[in-house]
S.K.: 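I'd like to ask you about the structure that follows.
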Amino acid sequence: MITDASVLQKGFVPDDSIHRNREVTALSRSLDPLTRGHIPDPVLLTGPSGAGKTTFTRFVVNQLEASAPETQAVHVNCWESHTRSGALFDALESLQVATALHRNSTSHDELLNHLAAIDKPVVLILDEVDQLDDTSLIYDCYATAGVTTILITNDRGELLREMDDRVRSRLQTADHIHFDAYTSQQLADILQARVDHGLVADAISEPQLLEIGDAAAGDARVALSILRTAAQTAAYNDRTTITTSDITDAIPRGKQSVRVRTLDSLREPQQELFRLLQATGETAPGELYEEFAATRSDPPTKRTVRSWLQKLAHYNLVEYSGEGPTRTYTPVRDAPQAV
């Protein structure tokens with residue numbers, strides 16, 4: 001059934017830009033000055049989760065490194081590396097220039113000096129950039145010679161709203177490329193390309209792929225998870241075709257698998273916040289913050305907790321209703337329990 005499991009994984013980078021030609025062309029054009037020895041302006045990529053922002057950034061950067069081999073690219077997940085120094089250290093470590101540096105003791109200024117000392121152009125991809133505790137890192141990178149930043153987030157307005165004026169003014173002129181959610185047919189086409197490379201011939205029909213696309217609601221991560229789950233079920237039962245029953249069973253399991261992986265990726269205080277929301281049910285962010293802060297010896301700022309809630313909503317762990325002072329948050333139905 002499964003001939004190449006790697007193409008069914010989230011991190012797989014395709015060799016074509018199916019249904020993302022416009023976005024790939026725009027990002028390639030933004031980075032083209034690097035092929036002529038110039039440093040481009042920052043690039044901001046926005047769009048819902050599962051729209052291909054990270055995947056096709058890697059796709060374009062892989063092409064760039066082939067055409068401009070002196071360029072070095074590095075990807076930093078700010079959900080995991082959320083401090084100024086932590087994100088910089090991870091970037092330098094990936095660039096293999098952090099051997100004499102220390103994550104917890106090397107100062108931010110010294111880390112920036114090491115970044116500036118690199119004698120080749122650097123493309124720094126700050127994924128989930130809205131999760132940085134201090135977005136002044138964006139300004140630092142903008143002001144560092146030889147560094148091009150690609151910023152990836154869900155919502156441009158949310159990102160700009162949380163920045164100070166100095167950083168916001170820089171991003172107002174950044175190239176902005178928006179990724180719309182996929183349609184069901186586009187997801188079916190994307191899955192077909194994965195099927196052609198990763199499953200035996202005639203393993204699944206086009207209507208079945210469209211059913212998965214409908215269930216995924218625009219999110220390629222969910223679509224791949226459903227397909228992978230269905231294929232694994234068929235393989236376990238020694239079948240070379242995926243049945244309608246396999247897909248029906250795989251839809252809730254595939255969706256839940258994505259939620260569980262997202263929940264597992266949360267840091268301890270984020271998990272505690274989600275646990276509290278599950279215990280209290282629908283809650284206004286101000287009330288939730290007060291309860292959460294009371295449990296922490298060094299609570300994060302209200303702005304930080306607000307950004308966590310927004311991100312949890314983007315990742316379909318919580319949902320919200322209302323706007324401004326009337327907004328409330330609620331865990332989604334069937335959300336996995338935080339432990």
Side-chain angles (χ1 to χ4, degrees), residues 1-2 5-12 47-52 54-55 79 154 180-195 198-200 203-266 270-271 273-282 308-321 329-339:
M1 166 59 70
I2 300 175
S6 68
V7 303
L8 302 179
Q9 301 302 315
K10 173 188 171 186
F12 176 77
S49 299
T54 300
T55 296
W79 185 269
N154 297 113
D180 291 324
Y182 288 111
T183 67
S184 298
Q185 184 62 60
Q186 287 173 335
L187 286 176
D189 294 341
I190 291 168
L191 293 181
Q192 184 65 66
R194 303 293 182 103
V195 167
L199 301 184
V200 298
I204 189 170
S205 68
E206 183 175 346
Q208 288 174 315
L209 292 176
L210 191 57
E211 181 182 358
I212 295 175
D214 285 337
D219 190 328
R221 302 168 310 146
V222 173
L224 281 170
S225 182
I226 295 171
L227 175 62
R228 183 171 58 249
T229 301
Q232 289 169 342
T233 298
Y236 179 80
N237 289 285
D238 293 324
R239 287 189 271 102
T240 58
T241 57
I242 294 172
T243 67
T244 299
S245 176
D246 291 335
I247 294 173
T248 300
D249 292 342
I251 287 172
R253 292 168 56 203
K255 290 180 177 180
Q256 191 72 339
S257 177
V258 172
R259 289 193 186 114
V260 168
R261 287 199 302 272
T262 301
L263 187 59
D264 288 344
S265 72
L266 301 184
Q270 295 166 335
Q271 295 223 10
L273 179 69
F274 186 62
R275 248 191 320 271
L276 181 61
L277 186 59
Q278 287 185 311
T280 59
E282 184 177 7
W308 291 352
L309 289 169
Q310 291 167 347
K311 184 59 69 175
L312 292 176
H314 285 302
Y315 279 113
N316 198 30
L317 285 173
V318 307
E319 55 192 7
Y320 63 86
S321 60
Y329 286 91
T330 311
V332 299
R333 184 181 178 184
D334 299 326
Q337 289 294 315
V339 296

S.K.: Can a donor-acceptor pair be found, under 3.5 Å and without considering hydrogens, that links the side chain of Gln278 to the backbone of Pro336?
M.R.: yes
S.K.: Would you say the side-chain atoms of Arg194 pair up with the backbone N or O of Leu8, donor to acceptor, closer than 3.5 Å?
M.R.: no
S.K.: Of all heavy-atom pairs between Gly213 and Leu187, which one has the smallest distance, and what is that distance?
M.R.: O-CD1, 3.7 Å
S.K.: So which atom in Ala235 and which in Met1 form the shortest heavy-atom distance, rounded to 0.1 Å?
M.R.: CB-CB, 3.9 Å
S.K.: Mind listing the closest non-hydrogen atom pair of Ala250 and Ala230 along with its distance?
M.R.: CB-N, 3.7 Å
S.K.: Per the side-chain contact (heavy atoms from CB on, under 4.5 Å) rule, which among Ile212, Thr243, Asp246 passes with Ile204?
M.R.: Ile212
S.K.: Do any N or O atoms from the side chain of Trp79 and from the backbone of Ser265 form a donor-acceptor pair under 3.5 angstrom?
M.R.: yes
S.K.: Which is it for Leu199 and Ile2 under the side chain to side chain contact (heavy atoms under 4.5 Å, CB included) test, yes or no, and what are the steps along the way?
M.R.: CA-CA 5 Å; Leu199 301 184; Ile2 300 175; 3.8 Å; yes
S.K.: Strictly distance-based, threshold 3.5 Å: is any side-chain N or O of Ser225 a donor or acceptor partner for the main-chain N or O of Arg221?
M.R.: no
S.K.: What is the distance from atom CZ of Arg275 to atom CG of Leu266, rounded to the nearest 0.5 Å?
M.R.: 10.0 Å
S.K.: What distance separates Asp189 CG from Tyr182 OH, expressed to the nearest 0.5 Å?
M.R.: 11.0 Å
S.K.: Is Arg259 reaching over with its side chain to a backbone N or O of Asn316, donor-acceptor style, under 3.5 angstrom?
M.R.: yes
S.K.: Within the supplied structure, the quantity of interest is the number of heavy atoms (other residues, nucleotides, ligands) at a distance under 6.0 Å from Glu206 CD; does it exceed 12?
M.R.: no
S.K.: Would you sort out whether Gln337 and Phe274 count as a side chain to side chain contact (heavy atoms under 4.5 Å, CB included), showing the intermediate values?
M.R.: CA-CA 9 Å; Gln337 289 294 315; Phe274 186 62; over 6 Å; no
S.K.: Work out which heavy atom in Leu227 is nearest to a heavy atom in Leu209; give both atom names and the distance.
M.R.: CD1-CD2, 4.4 Å
S.K.: Is it true that a side-chain atom of Gln208 and a backbone atom of Ile242 form a donor plus acceptor pair closer than 3.5 Å?
M.R.: yes
S.K.: Of Thr280, Leu312, Leu277, Leu317, which meets side-chain contact (heavy atoms from CB on, under 4.5 Å) against Pro331?
M.R.: Leu277
S.K.: Indicate the atoms forming the closest heavy-atom contact of Leu309 with Val318, along with that distance.
M.R.: O-CG2, 3.8 Å
S.K.: Check whether Gln185 reaches the backbone of Leu210 with its side chain - one donor and one acceptor, N or O, closer than 3.5 Å.
M.R.: no
S.K.: Is any side-chain heavy atom of Glu211 closer than 4.5 Å to one of Ile251?
M.R.: yes
S.K.: Please report the interatomic distance OG1(Thr229) to CZ(Arg253), rounded to the nearest 0.5 Å.
M.R.: 5.5 Å
S.K.: Donor-acceptor check, side chain of Gln256 to backbone of Asp334, threshold 3.5 angstrom: yes or no?
M.R.: yes
S.K.: Rounded to the nearest 0.5 Å, how far does CG of Asp219 lie from OG of Ser49?
M.R.: 6.5 Å
S.K.: Would you say OH of Tyr320 has more than 12 non-hydrogen atoms from neighbouring residues, nucleotides or ligands within 6.0 angstrom?
M.R.: no
S.K.: Roughly how far, to the nearest 0.5 Å, is CD of Gln271 from CG of Leu263?
M.R.: 5.0 Å
S.K.: Would you sort out whether Gln9 and Arg228 count as a side chain to side chain contact (heavy atoms under 4.5 Å, CB included), showing the intermediate values?
M.R.: CA-CA 8 Å; Gln9 301 302 315; Arg228 183 171 58 249; 3.5 Å; yes
S.K.: Can a donor-acceptor pair be found between the side chains of Ser257 and Arg261 at a distance below 3.5 Å?
M.R.: yes
S.K.: Starting at CD1 of Ile226, measure out to CG of Asp249 and round the result to the nearest 0.5 Å.
M.R.: 12.0 Å
